[in-house]
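Read the structure below first, then the notes.
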Amino acid sequence: KPTPKFLYTVPYGCNPTGATASLERRKQVLRLAREFNFLILEDDPYYYLYYGDAPRPASYFQLEAEDGGTVGHVLRFDSFSKVLSGGLRLGSVSGPEAIVNAIDMDTTSSNLQVSSTTQVMAHALLQKWGYDGFRKHCDGISQIYRNRRDIFEAALRRHMTGLAEWTSPVAGMFVWFKLRLPPTNDSPEGDSEVVIVTKALEKKVLALPGTSFFANGRKTAYVRVSFSMLGEDDTDEALRRLALVVKEAQLSP
């Protein structure tokens, strides 16, 4: 029976669920990668936006390097876009030399290179800061996101208790919550698409229905929201309006 050739994963603050993989789960996945010889594509733009109370779990790349097993099953991608500037579009790749060289050759023939201007800007900044300065900056950014998460969750509890259920994220900028909606013919748990795309939008509340994130477009009661830009007052008002929409949907036949 054919086996997968690679696993793509966003292990911290995953978009859309906001989930962060536990250390034990990472170890299990790494064991499977070695056993079945597949590649882990570790896409980690939210690594430095970790703000959980527990120590940060090791990345797949770090685990593979430190646990004494075979190496070469992890290809890691990092990004500066989430911690330096959203328009920077600059990142890095780490992994087996042969694969990294192949990526370099492919990008050389397709897009030549990342913008020289952004590379020079990032290099100058990192050279001035040093690694310790960079980590200090990232710690400050992650604290900002933790505060925004707390503000968003406080508003969720005020307005959406009994109307939705969710798990608190410990990294990144997304909350994935399930609305308590009446069942439909296509979805026993309800369909968030109509509620979000029509009713919520009419009240000027912008979110993404969960169906947008499924390859088969299946119906779901889940919704993804980003809390990265809203201030406290706007967050509270948005969730107050969303609560009204959900209550109306619950009363609909």
Side-chain angles (χ1 to χ4, degrees), residues 10-22 43-57 78-88 134-181 190 192-193 195-213 220-250:
V10 182
Y12 289 92
C14 179
N15 182 10
T17 66
T20 294
S22 67
D43 188 4
D44 219 355
Y46 310 110
Y47 175 84
Y48 290 107
L49 295 184
Y50 178 78
Y51 41 76
D53 294 327
R56 185 201 317 265
D78 285 279
S79 174
F80 293 113
S81 296
K82 309 303 181 185
V83 293
L84 294 185
S85 171
L88 200 61
F134 173 70
R135 287 303 301 266
K136 182 179 179 180
H137 168 77
C138 291
D139 289 345
I141 296 296
S142 66
Q143 186 59 48
I144 290 173
Y145 276 93
R146 179 184 175 116
N147 292 341
R148 290 178 179 173
R149 187 275 314 265
D150 292 345
I151 289 170
F152 190 88
E153 275 205 286
L156 269 176
R157 288 191 292 270
R158 277 195 300 274
H159 300 295
M160 299 295 291
T161 296
L163 302 175
E165 52 192 79
W166 64 92
T167 299
S168 180
V170 295
M173 59 190 72
F174 303 110
V175 175
W176 178 250
F177 54 90
K178 182 181 181 181
L179 301 180
R180 293 182 176 173
L181 298 171
S192 66
E193 185 173 22
V195 173
I196 295 300
V197 173
T198 58
K199 301 300 183 181
L201 196 58
E202 287 174 2
K203 293 184 180 296
K204 302 188 184 301
V205 176
L206 182 62
L208 280 176
T211 185
S212 303
F213 299 97
T220 177
Y222 281 91
V223 177
R224 192 217 72 177
V225 172
S226 171
F227 53 80
S228 61
M229 299 296 291
L230 284 181
E232 186 169 359
D233 291 342
D234 286 338
T235 296
D236 189 78
E237 178 61 17
L239 289 171
R240 185 191 69 81
R241 296 181 189 182
L242 181 59
L244 294 176
V245 169
V246 175
K247 289 175 182 177
E248 290 172 3
Q250 289 179 339

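Along the sequence shown, residues are numbered consecutively beginning with 1.
For the pair Y48 (side chain) and S79 (backbone), a donor-acceptor distance under 3.5 Å is absent. A donor-acceptor pair is defined here as one N or O able to donate and one able to accept, closer than 3.5 Å; no such pair exists between the side chain of S212 and the backbone of L208.
Taking the ring centroids of Y12 and Y47, they lie under the 6.0 Å cut-off. The aromatic ring centres of Y222 and F213 sit 6.0 Å or more apart.
The two residues L230 and T235 come nearest to each other via the heavy atoms CB-OG1, 3.3 Å. Residue V245 comes nearest to K203 through the heavy atom pair CG2-CD, 3.4 Å, listed as atom of the first residue, atom of the second, then distance. Contact record, I141 with V83: CG1-O, 4.2 Å, taken as the closest heavy-atom pair. P16 and R224 get closest at one heavy-atom pair: O-CG, 3.3 Å. Nearest heavy-atom pair across P11 and D43 is CD-O, 3.5 Å.
Between V225 and F177 there is a side-chain heavy-atom pair separated by less than 4.5 Å. Looking only at side-chain heavy atoms (C-beta outward), P169 and T20 stay at 4.5 Å or farther from each other. The closest side-chain heavy-atom distance from N15 to V10 is not below 4.5 Å. Counting heavy atoms from C-beta on, the side chains of W166 and L156 come closer than 4.5 Å. Counting only heavy atoms from C-beta outward, the side chains of T17 and F174 never approach each other to under 4.5 Å.
In this structure, Y51 OH and R56 CZ are separated by 12.0 Å, a value rounded to the nearest 0.5 Å. Atom NZ of K199 and atom OG of S192 lie 15.0 Å apart (nearest 0.5 Å). To the nearest 0.5 Å, atoms NZ (K82) and CG (L49) are separated by 8.5 Å. Taking CD from E153 and CG from L239, the interatomic distance works out to 11.0 Å, rounded to the nearest 0.5 Å. Annotation: the span from K247 atom NZ to H159 atom NE2 amounts to 9.5 Å, rounded to 0.5 Å. Atom CD in E165 sits 5.0 Å away from atom CZ in R180 (nearest 0.5 Å).
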In sequence, state the C-alpha distance, the side-chain angles, and the governing distance for V175 and F227, and then conclude on side chain to side chain contact (heavy atoms under 4.5 Å, CB included).
CA-CA 8 Å; V175 175; F227 53 80; 3.7 Å; yes

Salt bridge (charged side-chain N to carboxylate O under 4.0 Å, His left out) between R146 and D53, worked out:
CA-CA 10 Å; R146 179 184 175 116; D53 294 327; 3.0 Å; yes

Between F80 and F134, does a side chain to side chain contact (heavy atoms under 4.5 Å, CB included) hold up when you go through it step by step?
CA-CA 11 Å; F80 293 113; F134 173 70; 4.2 Å; yes

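When V197, V195, L179, T220 are each tested for a side chain to side chain contact (heavy atoms under 4.5 Å, CB included) with P209, only one passes: V197. Under the side chain to side chain contact (heavy atoms under 4.5 Å, CB included) rule, I196 has a single partner from L242, T211, V205, which is L242.
By the neighbour-count criterion of 12 heavy atoms within 6.0 Å, atom CD of Q143 is densely surrounded, having more than that number from other residues, nucleotides or ligands.
No side-chain donor from either of S228 and R148 sits under 3.5 Å from a side-chain acceptor of the other.
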